Amino acid sequence: MRVLPFPCTRPAPTVAARVAALPYDVVSRTEAAAAVAEEPLSFLAIDRPETQFPPDQDMYAPEVYARGAALLRERIDDGTFIEDRNRSYYLYELAWEGHVQTGVVGVCPVADYEGGTIKRHELTRAEKERDRIEHISALGYQTGPIFLAYRDQPVLDFILGAAKTATPIYDFTDAAGVHQTVWEVARPEAVDAIHAMFDQVPCAYIADGHHRTASAAKVAELLRDEAKAQGTYTGREPFNFFLAVLFPASQLTILPYNRVVRDRSGLESHELLRRIEAAGFIVEQADAPVMPAKPGTFGMFTDGCWWSLTIADELARMLEDADPVERLDVSILQERVIAPILGVGDVREDPRISFVGGIRGTRELEERAGAEGVAFTLHATGIEQLLDVADAGLLMPPKSTWFEPKLRSGLFLHRISGNQQGD
(Lines give C-alpha, C1' and ligand atoms only; values in the text may rest on other atoms or scores of the structure.)
Protein backbone atom coordinates (compact mmCIF):
# COMPACT_ATOMS: atom_id res chain seq x y z
CA MET A 1 0.00 0.00 0.00
CA ARG A 2 1.03 3.56 -0.66
CA VAL A 3 -0.74 5.97 1.65
CA LEU A 4 0.59 9.51 1.50
CA PRO A 5 0.15 12.67 3.58
CA PHE A 6 -1.44 15.57 1.74
CA PRO A 7 -2.37 19.26 2.06
CA CYS A 8 -5.94 19.10 3.31
CA THR A 9 -8.72 21.63 2.89
CA ARG A 10 -10.82 21.32 6.02
CA PRO A 11 -13.32 23.26 8.14
CA ALA A 12 -12.16 25.73 10.76
CA PRO A 13 -12.31 24.06 14.20
CA THR A 14 -15.07 26.40 15.38
CA VAL A 15 -17.50 25.21 12.68
CA ALA A 16 -16.41 21.60 12.07
CA ALA A 17 -19.36 20.15 13.98
CA ARG A 18 -21.78 22.23 11.90
CA VAL A 19 -20.11 21.32 8.59
CA ALA A 20 -19.78 17.54 9.11
CA ALA A 21 -22.58 15.69 7.30
CA LEU A 22 -23.66 12.21 6.33
CA PRO A 23 -22.38 10.98 2.95
CA TYR A 24 -24.28 12.30 -0.06
CA ASP A 25 -25.55 8.86 -1.08
CA VAL A 26 -27.20 7.75 2.18
CA VAL A 27 -29.78 10.54 2.32
CA SER A 28 -32.70 11.22 0.03
CA ARG A 29 -33.19 14.51 -1.77
CA THR A 30 -35.84 15.47 0.78
CA GLU A 31 -33.60 14.54 3.71
CA ALA A 32 -30.68 16.51 2.25
CA ALA A 33 -32.85 19.60 1.76
CA ALA A 34 -34.15 19.35 5.32
CA ALA A 35 -30.64 18.99 6.73
CA VAL A 36 -29.43 22.08 4.87
CA ALA A 37 -32.49 24.08 5.88
CA GLU A 38 -31.78 23.24 9.52
CA GLU A 39 -28.02 23.85 9.28
CA PRO A 40 -26.93 25.97 6.29
CA LEU A 41 -23.24 25.13 6.89
CA SER A 42 -23.94 21.39 6.48
CA PHE A 43 -21.64 19.98 3.84
CA LEU A 44 -24.71 18.54 2.12
CA ALA A 45 -25.20 22.04 0.69
CA ILE A 46 -22.05 21.41 -1.37
CA ASP A 47 -22.23 17.63 -1.69
CA ARG A 48 -25.87 17.80 -2.81
CA PRO A 49 -26.00 21.25 -4.45
CA GLU A 50 -29.54 20.70 -5.71
CA THR A 51 -30.45 21.74 -2.15
CA GLN A 52 -29.72 25.31 -3.34
CA PHE A 53 -32.50 25.13 -5.97
CA PRO A 54 -36.28 24.64 -6.04
CA PRO A 55 -37.48 21.04 -5.56
CA ASP A 56 -38.26 20.60 -9.27
CA GLN A 57 -34.71 21.47 -10.39
CA ASP A 58 -32.91 18.80 -12.42
CA MET A 59 -30.32 17.73 -9.85
CA TYR A 60 -27.86 16.66 -12.55
CA ALA A 61 -27.91 19.90 -14.55
CA PRO A 62 -24.58 21.72 -15.12
CA GLU A 63 -25.72 24.75 -13.15
CA VAL A 64 -26.26 22.56 -10.08
CA TYR A 65 -22.64 21.35 -10.03
CA ALA A 66 -21.49 24.91 -10.77
CA ARG A 67 -23.40 26.13 -7.73
CA GLY A 68 -21.67 23.54 -5.55
CA ALA A 69 -18.28 24.75 -6.79
CA ALA A 70 -19.19 28.40 -6.20
CA LEU A 71 -20.43 27.64 -2.68
CA LEU A 72 -17.21 25.81 -1.79
CA ARG A 73 -15.16 28.74 -3.04
CA GLU A 74 -17.32 31.14 -1.01
CA ARG A 75 -16.73 29.09 2.12
CA ILE A 76 -13.00 28.99 1.56
CA ASP A 77 -12.97 32.75 1.05
CA ASP A 78 -15.00 33.46 4.20
CA GLY A 79 -12.90 31.16 6.40
CA THR A 80 -15.41 28.38 6.90
CA PHE A 81 -12.79 26.14 5.27
CA ILE A 82 -9.05 26.53 5.65
CA GLU A 83 -6.43 25.34 3.17
CA ASP A 84 -3.79 23.60 5.24
CA ARG A 85 -0.48 23.69 3.37
CA ASN A 86 1.14 20.99 5.53
CA ARG A 87 1.46 17.54 4.00
CA SER A 88 -0.12 15.75 6.92
CA TYR A 89 -1.94 12.61 7.87
CA TYR A 90 -5.05 12.84 10.02
CA LEU A 91 -6.39 10.32 12.49
CA TYR A 92 -10.16 10.06 12.45
CA GLU A 93 -11.83 8.38 15.41
CA LEU A 94 -15.55 7.60 15.55
CA ALA A 95 -17.18 6.37 18.75
CA TRP A 96 -20.79 5.17 18.71
CA GLU A 97 -22.77 3.03 21.13
CA GLY A 98 -19.64 1.69 22.83
CA HIS A 99 -17.84 0.99 19.56
CA VAL A 100 -14.64 2.86 18.64
CA GLN A 101 -12.74 2.83 15.35
CA THR A 102 -9.71 4.88 14.32
CA GLY A 103 -8.66 5.42 10.72
CA VAL A 104 -5.79 7.13 8.95
CA VAL A 105 -6.77 9.87 6.49
CA GLY A 106 -4.42 10.17 3.52
CA VAL A 107 -4.37 9.88 -0.24
CA CYS A 108 -3.82 6.68 -2.21
CA PRO A 109 -2.69 6.33 -5.83
CA VAL A 110 -5.41 5.74 -8.38
CA ALA A 111 -2.95 3.28 -9.94
CA ASP A 112 -3.23 1.06 -6.84
CA TYR A 113 -6.98 0.80 -7.45
CA GLU A 114 -6.54 0.22 -11.17
CA GLY A 115 -3.86 -2.41 -10.51
CA GLY A 116 -5.75 -4.31 -7.81
CA THR A 117 -3.70 -3.42 -4.73
CA ILE A 118 -6.87 -1.72 -3.54
CA LYS A 119 -9.48 -4.44 -3.95
CA ARG A 120 -13.13 -4.00 -4.79
CA HIS A 121 -16.03 -6.34 -4.08
CA GLU A 122 -18.96 -4.67 -5.88
CA LEU A 123 -19.83 -3.47 -9.36
CA THR A 124 -20.76 0.15 -9.93
CA ARG A 125 -23.55 1.85 -11.89
CA ALA A 126 -22.64 4.25 -14.69
CA GLU A 127 -25.26 6.87 -13.81
CA LYS A 128 -24.04 7.08 -10.20
CA GLU A 129 -20.47 7.39 -11.43
CA ARG A 130 -21.45 10.23 -13.76
CA ASP A 131 -22.88 12.25 -10.89
CA ARG A 132 -19.62 12.16 -8.88
CA ILE A 133 -17.48 12.63 -11.99
CA GLU A 134 -19.36 15.88 -12.68
CA HIS A 135 -19.17 16.88 -9.03
CA ILE A 136 -15.41 16.30 -8.70
CA SER A 137 -14.74 17.97 -12.05
CA ALA A 138 -16.79 21.07 -11.21
CA LEU A 139 -15.34 21.54 -7.74
CA GLY A 140 -11.76 20.53 -8.48
CA TYR A 141 -11.91 18.60 -5.20
CA GLN A 142 -12.64 15.13 -3.96
CA THR A 143 -15.07 15.74 -1.13
CA GLY A 144 -16.01 12.26 0.09
CA PRO A 145 -13.30 9.96 1.49
CA ILE A 146 -13.18 6.36 0.34
CA PHE A 147 -13.67 3.98 3.27
CA LEU A 148 -10.86 1.40 3.10
CA ALA A 149 -10.04 -1.54 5.36
CA TYR A 150 -6.77 -3.39 5.88
CA ARG A 151 -5.87 -6.50 7.82
CA ASP A 152 -4.71 -5.51 11.31
CA GLN A 153 -1.14 -4.33 11.85
CA PRO A 154 -0.34 -4.23 15.61
CA VAL A 155 2.76 -2.05 15.22
CA LEU A 156 0.80 0.50 13.21
CA ASP A 157 -1.90 0.46 15.91
CA PHE A 158 0.78 1.31 18.48
CA ILE A 159 2.07 4.24 16.39
CA LEU A 160 -1.44 5.61 15.91
CA GLY A 161 -2.18 5.23 19.62
CA ALA A 162 0.86 7.37 20.43
CA ALA A 163 -0.23 10.04 17.93
CA LYS A 164 -3.66 10.22 19.61
CA THR A 165 -2.10 11.53 22.84
CA ALA A 166 -1.79 14.96 21.20
CA THR A 167 -4.50 17.62 21.36
CA PRO A 168 -7.18 16.97 18.71
CA ILE A 169 -8.13 19.58 16.13
CA TYR A 170 -11.79 18.46 16.18
CA ASP A 171 -13.69 16.90 19.07
CA PHE A 172 -17.51 16.86 18.95
CA THR A 173 -20.60 14.67 19.10
CA ASP A 174 -23.01 15.02 16.20
CA ALA A 175 -26.80 14.89 16.15
CA ALA A 176 -26.74 11.12 15.57
CA GLY A 177 -24.75 10.58 18.77
CA VAL A 178 -21.47 9.75 17.01
CA HIS A 179 -18.49 11.22 18.86
CA GLN A 180 -15.86 12.31 16.36
CA THR A 181 -12.27 13.19 17.13
CA VAL A 182 -9.58 14.21 14.64
CA TRP A 183 -5.85 14.65 15.17
CA GLU A 184 -3.43 16.14 12.66
CA VAL A 185 -0.14 14.25 12.27
CA ALA A 186 2.40 16.68 10.82
CA ARG A 187 5.59 15.96 12.79
CA PRO A 188 8.08 14.54 10.24
CA GLU A 189 9.09 11.56 12.40
CA ALA A 190 5.48 10.50 12.90
CA VAL A 191 4.62 11.04 9.23
CA ASP A 192 7.59 8.91 8.18
CA ALA A 193 6.63 6.14 10.63
CA ILE A 194 3.04 5.92 9.33
CA HIS A 195 4.26 6.03 5.73
CA ALA A 196 6.75 3.22 6.40
CA MET A 197 4.19 1.04 8.16
CA PHE A 198 1.73 1.23 5.29
CA ASP A 199 4.55 0.11 3.00
CA GLN A 200 4.28 -3.21 4.88
CA VAL A 201 0.53 -3.56 4.24
CA PRO A 202 0.08 -5.73 1.14
CA CYS A 203 -3.36 -4.47 0.09
CA ALA A 204 -6.49 -2.66 1.17
CA TYR A 205 -10.18 -3.32 0.58
CA ILE A 206 -12.95 -0.91 -0.36
CA ALA A 207 -15.42 -1.19 2.48
CA ASP A 208 -17.66 1.65 1.33
CA GLY A 209 -17.35 4.05 -1.60
CA HIS A 210 -17.08 1.97 -4.76
CA HIS A 211 -18.74 4.71 -6.82
CA ARG A 212 -16.57 7.44 -5.34
CA THR A 213 -13.46 5.39 -6.12
CA ALA A 214 -14.51 4.60 -9.67
CA SER A 215 -15.43 8.25 -10.26
CA ALA A 216 -12.08 9.48 -8.93
CA ALA A 217 -10.34 7.05 -11.27
CA LYS A 218 -12.39 8.25 -14.27
CA VAL A 219 -11.60 11.89 -13.51
CA ALA A 220 -7.92 11.01 -13.15
CA GLU A 221 -7.98 9.31 -16.54
CA LEU A 222 -9.53 12.36 -18.19
CA LEU A 223 -7.08 14.80 -16.61
CA ARG A 224 -4.16 12.48 -17.29
CA ASP A 225 -5.01 12.39 -20.99
CA GLU A 226 -5.27 16.19 -21.06
CA ALA A 227 -1.90 16.61 -19.36
CA LYS A 228 -0.24 14.11 -21.69
CA ALA A 229 -1.67 15.90 -24.71
CA GLN A 230 -0.19 19.15 -23.38
CA GLY A 231 3.16 17.48 -22.62
CA THR A 232 2.99 18.40 -18.93
CA TYR A 233 2.20 15.03 -17.33
CA THR A 234 4.52 13.88 -14.49
CA GLY A 235 2.48 11.22 -12.67
CA ARG A 236 2.66 13.20 -9.43
CA GLU A 237 -0.32 15.46 -10.08
CA PRO A 238 -2.89 15.42 -7.20
CA PHE A 239 -5.59 14.02 -9.50
CA ASN A 240 -3.58 10.78 -9.59
CA PHE A 241 -4.49 10.22 -5.92
CA PHE A 242 -7.80 9.85 -4.13
CA LEU A 243 -8.87 10.74 -0.62
CA ALA A 244 -9.25 7.76 1.73
CA VAL A 245 -9.65 6.77 5.36
CA LEU A 246 -8.07 3.42 6.21
CA PHE A 247 -9.24 1.35 9.19
CA PRO A 248 -8.08 -1.96 10.67
CA ALA A 249 -10.64 -4.56 9.61
CA SER A 250 -11.23 -5.83 13.16
CA GLN A 251 -12.54 -2.41 14.25
CA LEU A 252 -15.34 -2.24 11.71
CA THR A 253 -19.03 -2.85 12.30
CA ILE A 254 -21.30 -4.09 9.51
CA LEU A 255 -25.07 -3.93 9.78
CA PRO A 256 -27.45 -5.82 7.49
CA TYR A 257 -28.56 -4.28 4.22
CA ASN A 258 -32.22 -5.25 3.96
CA ARG A 259 -34.39 -5.53 0.84
CA VAL A 260 -37.90 -4.50 -0.17
CA VAL A 261 -39.66 -5.70 -3.32
CA ARG A 262 -42.67 -3.49 -4.02
CA ASP A 263 -45.04 -6.30 -5.10
CA ARG A 264 -45.40 -10.08 -4.85
CA SER A 265 -45.17 -10.55 -8.61
CA GLY A 266 -48.85 -11.50 -8.80
CA LEU A 267 -48.66 -14.11 -6.03
CA GLU A 268 -51.03 -14.36 -3.12
CA SER A 269 -49.17 -14.49 0.18
CA HIS A 270 -49.95 -18.19 0.77
CA GLU A 271 -48.55 -19.08 -2.66
CA LEU A 272 -45.41 -17.03 -1.96
CA LEU A 273 -44.87 -18.92 1.28
CA ARG A 274 -45.37 -22.27 -0.45
CA ARG A 275 -42.80 -21.44 -3.12
CA ILE A 276 -40.25 -20.28 -0.55
CA GLU A 277 -40.65 -23.59 1.30
CA ALA A 278 -40.16 -25.45 -1.97
CA ALA A 279 -36.96 -23.44 -2.56
CA GLY A 280 -35.35 -24.98 0.53
CA PHE A 281 -36.46 -22.92 3.52
CA ILE A 282 -38.28 -23.64 6.75
CA VAL A 283 -41.03 -21.01 7.01
CA GLU A 284 -42.57 -20.08 10.37
CA GLN A 285 -44.90 -17.23 11.31
CA ALA A 286 -43.52 -14.74 13.83
CA ASP A 287 -45.42 -12.54 16.27
CA ALA A 288 -42.87 -9.67 16.04
CA PRO A 289 -40.42 -8.24 13.50
CA VAL A 290 -37.62 -10.71 12.74
CA MET A 291 -34.01 -9.52 13.06
CA PRO A 292 -31.88 -12.58 12.18
CA ALA A 293 -29.36 -13.48 14.89
CA LYS A 294 -27.23 -15.84 12.83
CA PRO A 295 -26.32 -16.60 9.19
CA GLY A 296 -28.76 -18.70 7.22
CA THR A 297 -31.84 -17.06 8.72
CA PHE A 298 -34.03 -14.31 7.29
CA GLY A 299 -37.07 -12.29 8.23
CA MET A 300 -39.89 -11.60 5.79
CA PHE A 301 -42.79 -9.16 6.06
CA THR A 302 -45.72 -9.36 3.68
CA ASP A 303 -49.49 -8.89 3.81
CA GLY A 304 -49.21 -7.44 7.34
CA CYS A 305 -47.37 -10.44 8.86
CA TRP A 306 -43.78 -11.31 9.76
CA TRP A 307 -42.26 -14.72 8.97
CA SER A 308 -38.93 -16.33 9.77
CA LEU A 309 -37.12 -18.18 7.00
CA THR A 310 -34.38 -20.68 7.85
CA ILE A 311 -32.22 -22.58 5.38
CA ALA A 312 -33.25 -26.24 5.55
CA ASP A 313 -30.65 -29.00 5.91
CA GLU A 314 -30.83 -30.10 2.27
CA LEU A 315 -30.12 -26.60 0.98
CA ALA A 316 -27.38 -26.15 3.59
CA ARG A 317 -25.62 -29.28 2.29
CA MET A 318 -25.87 -28.01 -1.28
CA LEU A 319 -24.13 -24.79 -0.26
CA GLU A 320 -21.20 -26.45 1.53
CA ASP A 321 -19.09 -26.55 -1.63
CA ALA A 322 -20.17 -23.17 -2.97
CA ASP A 323 -17.76 -20.30 -3.53
CA PRO A 324 -17.50 -17.39 -1.04
CA VAL A 325 -20.09 -15.31 -2.91
CA GLU A 326 -22.65 -18.09 -3.30
CA ARG A 327 -22.48 -18.75 0.46
CA LEU A 328 -23.41 -15.18 1.37
CA ASP A 329 -26.90 -14.72 2.80
CA VAL A 330 -27.54 -11.89 0.33
CA SER A 331 -26.71 -14.29 -2.53
CA ILE A 332 -28.84 -17.11 -1.16
CA LEU A 333 -31.84 -14.81 -0.79
CA GLN A 334 -31.35 -13.35 -4.24
CA GLU A 335 -30.77 -16.61 -6.09
CA ARG A 336 -33.38 -18.70 -4.25
CA VAL A 337 -36.19 -16.23 -3.61
CA ILE A 338 -35.94 -12.72 -5.05
CA ALA A 339 -34.96 -13.70 -8.60
CA PRO A 340 -36.86 -16.96 -9.26
CA ILE A 341 -39.97 -16.30 -7.17
CA LEU A 342 -40.38 -12.50 -7.18
CA GLY A 343 -38.89 -11.98 -10.63
CA VAL A 344 -36.20 -9.43 -9.75
CA GLY A 345 -33.19 -10.69 -11.67
CA ASP A 346 -30.97 -7.60 -11.96
CA VAL A 347 -31.02 -5.78 -8.64
CA ARG A 348 -28.78 -3.05 -10.06
CA GLU A 349 -31.41 -2.01 -12.62
CA ASP A 350 -34.86 -3.29 -11.59
CA PRO A 351 -36.90 -0.45 -10.02
CA ARG A 352 -39.09 -2.92 -8.14
CA ILE A 353 -36.39 -3.52 -5.51
CA SER A 354 -35.01 -1.06 -2.98
CA PHE A 355 -32.47 -1.37 -0.19
CA VAL A 356 -32.70 -0.21 3.41
CA GLY A 357 -29.72 0.00 5.76
CA GLY A 358 -30.09 -1.86 9.02
CA ILE A 359 -29.70 1.38 10.96
CA ARG A 360 -33.21 2.41 9.86
CA GLY A 361 -34.99 -0.44 11.68
CA THR A 362 -38.02 -2.51 10.68
CA ARG A 363 -40.76 0.12 10.66
CA GLU A 364 -39.45 1.63 7.44
CA LEU A 365 -39.41 -1.85 5.90
CA GLU A 366 -43.07 -2.35 6.78
CA GLU A 367 -44.00 1.06 5.39
CA ARG A 368 -42.15 0.46 2.13
CA ALA A 369 -43.66 -3.00 1.68
CA GLY A 370 -47.19 -1.72 2.25
CA ALA A 371 -50.05 -4.04 1.44
CA GLU A 372 -48.63 -5.56 -1.75
CA GLY A 373 -44.86 -5.70 -1.26
CA VAL A 374 -42.36 -7.97 0.48
CA ALA A 375 -39.60 -6.89 2.87
CA PHE A 376 -36.65 -9.05 3.91
CA THR A 377 -34.29 -8.72 6.86
CA LEU A 378 -30.88 -10.40 6.77
CA HIS A 379 -28.03 -11.22 9.09
CA ALA A 380 -25.12 -8.86 8.47
CA THR A 381 -22.32 -9.92 6.14
CA GLY A 382 -19.12 -10.49 8.14
CA ILE A 383 -15.96 -8.48 7.52
CA GLU A 384 -13.98 -11.70 6.94
CA GLN A 385 -16.51 -12.72 4.30
CA LEU A 386 -15.93 -9.40 2.55
CA LEU A 387 -12.15 -9.85 2.63
CA ASP A 388 -12.41 -13.45 1.41
CA VAL A 389 -14.59 -12.43 -1.54
CA ALA A 390 -12.22 -9.63 -2.53
CA ASP A 391 -9.15 -11.86 -2.13
CA ALA A 392 -10.77 -14.42 -4.42
CA GLY A 393 -11.28 -11.74 -7.07
CA LEU A 394 -15.05 -12.16 -6.86
CA LEU A 395 -17.87 -9.65 -6.57
CA MET A 396 -20.65 -9.49 -3.99
CA PRO A 397 -24.23 -8.72 -4.97
CA PRO A 398 -24.97 -5.00 -4.79
CA LYS A 399 -25.82 -3.59 -1.36
CA SER A 400 -24.32 -6.46 0.62
CA THR A 401 -22.89 -4.37 3.47
CA TRP A 402 -23.94 -1.35 5.51
CA PHE A 403 -21.14 0.06 7.66
CA GLU A 404 -21.84 2.07 10.79
CA PRO A 405 -20.96 4.61 11.87
CA LYS A 406 -20.78 6.37 8.50
CA LEU A 407 -17.77 8.57 7.78
CA ARG A 408 -18.82 12.20 7.80
CA SER A 409 -18.25 14.29 4.71
CA GLY A 410 -16.82 17.79 4.80
CA LEU A 411 -14.08 17.21 7.38
CA PHE A 412 -11.40 16.40 4.78
CA LEU A 413 -11.23 17.67 1.19
CA HIS A 414 -8.55 16.82 -1.37
CA ARG A 415 -7.80 19.43 -4.02
CA ILE A 416 -6.94 17.71 -7.29
CA SER A 417 -5.40 20.71 -9.02
CA GLY A 418 -2.34 22.71 -8.03
CA ASN A 419 0.96 21.53 -6.61
CA GLN A 420 2.33 18.08 -7.27
CA GLN A 421 1.89 15.33 -4.70
CA GLY A 422 5.13 14.23 -3.10
CA ASP A 423 6.20 10.62 -2.57
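Heavy atoms only: backbone and side chains are in, while hydrogens, waters and symmetry mates are out. Since the model is a prediction, treat every value here as computed from it, not as a measurement.
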Inset, instruction - Mind running side chain to side chain contact (heavy atoms under 4.5 Å, CB included) on Tyr60 and Glu127 for me, showing each step along the way? - result: CA-CA 10 Å; Tyr60 304 118; Glu127 68 274 15; over 6 Å; no

Legend entry - Evaluation steps, side chain to side chain contact (heavy atoms under 4.5 Å, CB included), between Leu395 and Val325: CA-CA 7 Å; Leu395 297 171; Val325 173; 6.0 Å; no

Inset, instruction - Determine, stepwise, if the pair Leu411 / Val19 fulfils side chain to side chain contact (heavy atoms under 4.5 Å, CB included). - result: CA-CA 7 Å; Leu411 295 178; Val19 169; 5.7 Å; no

Inset, instruction - Could you give me the CA-CA distance, side-chain angles and deciding distance for Met1 and Ile118, then say whether side chain to side chain contact (heavy atoms under 4.5 Å, CB included) is met? - result: CA-CA 8 Å; Met1 281 298 301; Ile118 296 172; 4.0 Å; yes

Legend entry - Intermediate values then yes/no, ring pair (Phe, Tyr, Trp, His ring centres under 6.0 Å), His414 and Phe6: CA-CA 8 Å; His414 176 225; Phe6 70 108; 5.8 Å; yes

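Here the CD1 atom belonging to Ile159 is positioned 9.5 Å from the CG atom belonging to Asp157, to the nearest 0.5 angstrom. Here OG of Ser308 is found 12.0 Å from CZ of Phe281. Values are rounded to the nearest 0.5 Å. Taking CE of Met291 as the reference point, atom CG of Leu255 lies at 8.5 Å (rounded to 0.5 Å). The line from CZ of Phe239 to CD of Glu226 is 8.5 Å long, rounded to the nearest 0.5 Å. Rounding to the nearest 0.5 Å places CD1 of Ile311 at 8.0 Å from OG1 of Thr297. Once rounded to the nearest 0.5 Å, the distance linking CD1 of Ile353 with CG of Asp263 reads 11.0 Å.
Contact annotation: the side chain of Leu413 never approaches that of Leu243 to less than 4.5 Å [non-hydrogen atoms, C-beta and beyond]. Taking 4.5 Å as the limit, every side-chain heavy atom of Gln57 sits out of range of all side-chain heavy atoms of Met59. The shortest side-chain heavy-atom distance between Val337 and Phe376 falls under the 4.5 Å cut-off. Taking 4.5 Å as the limit, every side-chain heavy atom of Gln251 sits out of range of all side-chain heavy atoms of Val100. You'll find the side chain of Val219 stays beyond 4.5 Å of the side chain of Val110, heavy atoms only. The side-chain heavy atoms of Phe298 and Thr310, taken from C-beta on, include no pair separated by under 4.5 Å. The shortest side-chain heavy-atom distance between Tyr24 and Thr143 does not fall under the 4.5 Å cut-off. Side-chain atoms of Glu134 and Ser215, non-hydrogen and from C-beta on, never get closer than 4.5 Å to each other.
Looking at every heavy atom in both residues, Arg352 comes nearest to Val344 through NH1-CG2, 3.4 Å. Nearest heavy atoms, Thr232 versus Glu237: O-OE2, 3.5 Å. Shortest non-hydrogen contact noted between Gly144 and Ser409 is CA-OG, 4.4 Å. The two residues Thr381 and Met396 have their closest heavy-atom pair at CG2-CE, 3.9 Å. Across every non-hydrogen atom of Phe53 and Val64, the tightest pair is CE1-CA, 3.8 Å. Considering all non-hydrogen atoms of both residues, Pro202 and Thr117 come closest at O-CG2, 3.6 Å.
The aromatic ring centres of His121 and Tyr205 sit 6.0 Å or more apart.
For the residue pair Ser42 / Arg18, no side-chain donor-acceptor distance below 3.5 Å is found, with atom types taken as modelled. Side-chain atoms of Ser88 and Glu184 form a donor-acceptor pair, as typed in the model, at a separation below 3.5 Å. The closest side-chain donor-acceptor pair between Tyr233 and Asp225, if any, does not fall under 3.5 angstrom. With no hydrogens or angles considered, no side-chain donor-acceptor pair links His179 and Asp174 at under 3.5 Å. Judged purely by distance below 3.5 Å, without hydrogens or angles, the side chains of Glu129 and Thr124 pair a donor atom with an acceptor atom. Thr302 and Arg264 share a side-chain donor-acceptor pair at under 3.5 Å. Under 3.5 Å, the side chains of Gln180 and Tyr170 contain no donor-acceptor pair of N or O atoms.
Arg368 places no side-chain N or O within 3.5 Å of a backbone atom of Glu366 that could act as its donor or acceptor partner. With hydrogens and angles disregarded, no donor-acceptor distance shorter than 3.5 Å links the side chain of Arg48 to the backbone of Ile46. Of the possible donor and acceptor atoms, none in the side chain of His195 sits under 3.5 Å from a partner among the backbone N and O of Ala190. Without hydrogens or angle criteria, Trp183 side chain to Lys164 main chain gives a donor-acceptor distance under 3.5 Å. Tyr89 places a side-chain N or O within donor-acceptor distance of the main-chain N or O of Val3, the cut-off being under 3.5 Å. Formation of a donor-acceptor pair under 3.5 Å by the Gln142 side chain with backbone atoms of Phe241 is found in this model. Under the 3.5 Å distance criterion, the side-chain polar atoms of His211 are left unmatched by any main-chain donor or acceptor of Arg132. Although no hydrogens or angles enter the test, the distance criterion places no donor-acceptor pair under 3.5 Å between the side chain of Ser331 and the main chain of Arg327. Side chain of Asp329 to main chain of Gly296: a donor-acceptor pair is present (N/O by atom type, distance under 3.5 Å, no hydrogens or angles). For the pair Arg348 (side chain) and Pro398 (backbone), a donor-acceptor distance under 3.5 Å is absent.
Relative ring orientation between Trp306 and Phe301 is described as tilted, the plane-to-plane angle lying within the 30° to 60° band. Ring geometry for Phe403 versus Phe147: interplanar angle of 30 to 60°, hence tilted. Between Phe412 and Tyr90, the ring-plane angle classifies as tilted under the 30° and 60° cut-offs.
Stacking of Arg2 on the aromatic ring of Phe198 is not recorded, the 6.0 Å distance cut-off and the 45° axial limit not both being met. Under the 6.0 Å distance and 45° angle rule, Lys399 does not count as a cation-pi partner of Tyr257.
Within 6.0 Å of atom CZ in Phe158, 12 or fewer heavy atoms from other residues, nucleotides or ligands are found, so the atom counts as exposed in its surroundings. Shown here is Glu38, whose CD atom has no more than 12 heavy atoms of other residues, nucleotides or ligands within 6.0 Å.
Using a 4.0 Å cut-off between a side-chain N of Lys or Arg and a carboxylate O of Asp or Glu, Arg360 and Glu404 do not qualify as a salt bridge. Checked for salt-bridge contact, Arg151 and Asp391 meet the test: a charged N lies under 4.0 Å from a carboxylate O.
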